[in-house]
Number of protein chains: 2
Amino acid sequence: MPRAGLSPEVVVAEAARLVDEVGPGRLTLAAVAQRFGVALPSLYKHVGGLEDLHGRLALVAARDLGTALRRAATGKAGADATAAVAAAYRSYALEHPGRYGYMLRPRSGDEEHTRASGEILEVLGGVLAGYGIEDPGTVVDAIRFLRSALHGFVELEISGGFAMDRPVDKSFKAAVRVLDLALRSWSA
Amino acid sequence: MPRAGLSPEVVVAEAARLVDEVGPGRLTLAAVAQRFGVALPSLYKHVGGLEDLHGRLALVAARDLGTALRRAATGKAGADATAAVAAAYRSYALEHPGRYGYMLRPRSGDEEHTRASGEILEVLGGVLAGYGIEDPGTVVDAIRFLRSALHGFVELEISGGFAMDRPVDKSFKAAVRVLDLALRSWSA
DNA sequence: CCAAAAAGCTAATGGAATTAGCCAAGGGTG
DNA sequence: CACCCTTGGCTAATTCCATTAGCTTTTTGG
């Protein structure tokens, strides 16, 4: 029997692809194994089980989203930065709805996930810097608000929560506009 | 064997209580049956299965949240209404994190859920009316923005996404303040 | 009082996760 | 080159859950 060439990274990457297709909550080790043409228990040589796999997906999502946001934000400031980061956030979530759904459910005590999340927050903090928001408490409030709006929007969009007869793109544009507005006048 | 006095409503209510305790994704028919001291298959006399139960929880959540918001909004306008509705939204989600997690995952084609969601949107629309937002497209945009911010905030809070050293209450107050600000200047 | 619907039950099936333990592949060392 | 031992696959067995089928008892309405 030739070997399948698995590794934790390969397994997680395939699981991520799979979950983006079938949706979060429908990820099974059985389906992952099938994709590799491998028996289910073989996966346990690379990941610790289903829970562990979920946690690894959370890490992948947080990391990839963080780098996407970082890329989008570089060289921009103010409204430009807000728009670019928001668009990147939405794009990532829409293109990877499965893994995105796991992002907020890391393995408890996952150091790396904490770091990856910190990267996301740092990018958002960088956006805020362009608005002259300085006071530490205020920065946290603004980051939380920005993240809430972005997360809420994409999750509602992914789950089909925007059923009214109006292009979601337009609503997103409007949301970005008003986010910029809110940030500009935050200190006031 | 005496009867357990089950009914669809009773089963769903108990499942809702259970899922608020154990968290969404950890709801099993086995656990529900155990709560009633009943064999698992007995539940199938009242609900159509696990998927069906999920959908019913989604309906309960949408309905209850809708009435909570409606109550909070009555007799208020402008910033008061925004604050009251936002607080009610957050309270409901924090007190019922399990069922809240199912709210956006109705059985496909569930008429009643659509109606219940419509009630929520109507309340939010009522809040917007107090800000003089009139243009239909704009109203939809604003409703979506408001809902995104609220949903995103409570979901991040529930999932432990607010780890930074700052009381979440303060951040929520700030979010409500800036939401009011955004709505006031939406037309501008 | 009886019949039939409703509400429980047990039994059987199937799928998924997990654990244990076996065996071959293949890489490094003598 | 041969050997060993780590690694990565396998099968088998267990457990848990969901689901379906079919039986029995309760309840209720005529």
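Letters go in sequence order (proteins before strands), and every chain restarts at 1.
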State whether A:S42 places a side-chain N or O below 4.0 Å from either non-bridging phosphate oxygen (OP1 or OP2) of D:dC10.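 The answer is yes; a side-chain N or O of A:S42 sits under 4.0 Å from OP1 or OP2.
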With sugar-phosphate meaning primed atoms plus P, OP1 and OP2, does A:L40 contact a base, only sugar-phosphate, or nothing at under 4.0 Å between heavy atoms?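 The residue A:L40 makes base contact.
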With A:S7 via side-chain hydrogen bond (donor to acceptor under 3.5 Å, both in side chains) - residues at least two apart: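 side-chain hydrogen bond (donor to acceptor under 3.5 Å, both in side chains) list for A:S7, sorted by chain: A:E9.
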Any salt bridge linking B:K170 with A:D141? Criterion: basic side-chain nitrogen under 4.0 Å from a carboxylate oxygen.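 A salt bridge is absent here (no side-chain N lies under 4.0 Å from a carboxylate O).
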Between A:Y100 and A:H151, is any side-chain donor less than 3.5 angstrom from a side-chain acceptor?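 Checked: A:Y100/A:H151 side chains pair up, N/O donor to acceptor below 3.5 Å.
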With the side chain of A:A39 defined as its heavy atoms from C-beta on, choose the nearest nucleotide among D:dG9, C:dG8, D:dT11.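 Closest of the options to the side chain of A:A39: D:dT11.
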For the side chain of B:R3, starting at C-beta, report the closest nucleotide among D:dT26, D:dT11, C:dT10.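 From the listed options, D:dT26 comes nearest.
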Classify the angle between the aromatic ring planes of A:H54 and A:Y102 as parallel (below 30°), tilted (30 to 60°) or perpendicular (above 60°).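 Ring orientation, 0 to 90° scale: parallel.
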Could you grab the distance from atom CG of B:L27 to atom CD of B:E21, nearest 0.5 Å is fine?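 Spacing of CG (B:L27) from CD (B:E21) equals 11.0 Å.
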Look up atom CG in B:L59 and atom CE in B:M103, then write down how far apart they are to the nearest 0.5 Å.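 One finds 11.5 Å between CG of B:L59 and CE of B:M103.
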Applying side-chain hydrogen bond (donor to acceptor under 3.5 Å, both in side chains) as the test, list every pair that has at least one member in residues 60-69 of chain A; sequence neighbours left out.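 Non-adjacent pairs meeting side-chain hydrogen bond (donor to acceptor under 3.5 Å, both in side chains): A:R63-A:E112.
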Salt bridge (Lys or Arg N to Asp or Glu O under 4.0 Å) involving A:D165 - partner list, sequence neighbours excluded: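 Salt bridge (Lys or Arg N to Asp or Glu O under 4.0 Å) check on A:D165 returns nothing, list empty.
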If you take all heavy atoms of A:A142 and A:L183, which pair is closest and at what distance?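 Minimum heavy-atom contact is CB-CD2, 4.4 Å.
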DNA chain C contacts made by residues 11-38 of chain B, counting heavy atoms under 4.0 Å: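 By residue number: B:V38.
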Those residues of residues 43-59 of chain B lying under 4.0 Å from DNA chain C by at least one heavy atom: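 DNA chain C contact set from residues 43-59 of chain B: B:K45, B:H46.
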Quantified as the angle between the terminal helix axes (five pairs each), what is the overall bend of the helix from C:dC1-D:dG30 to C:dG30-D:dC1 to 10 degrees?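 Between the axes fitted at each end of the helix from C:dC1-D:dG30 to C:dG30-D:dC1 lies an angle of 10°.
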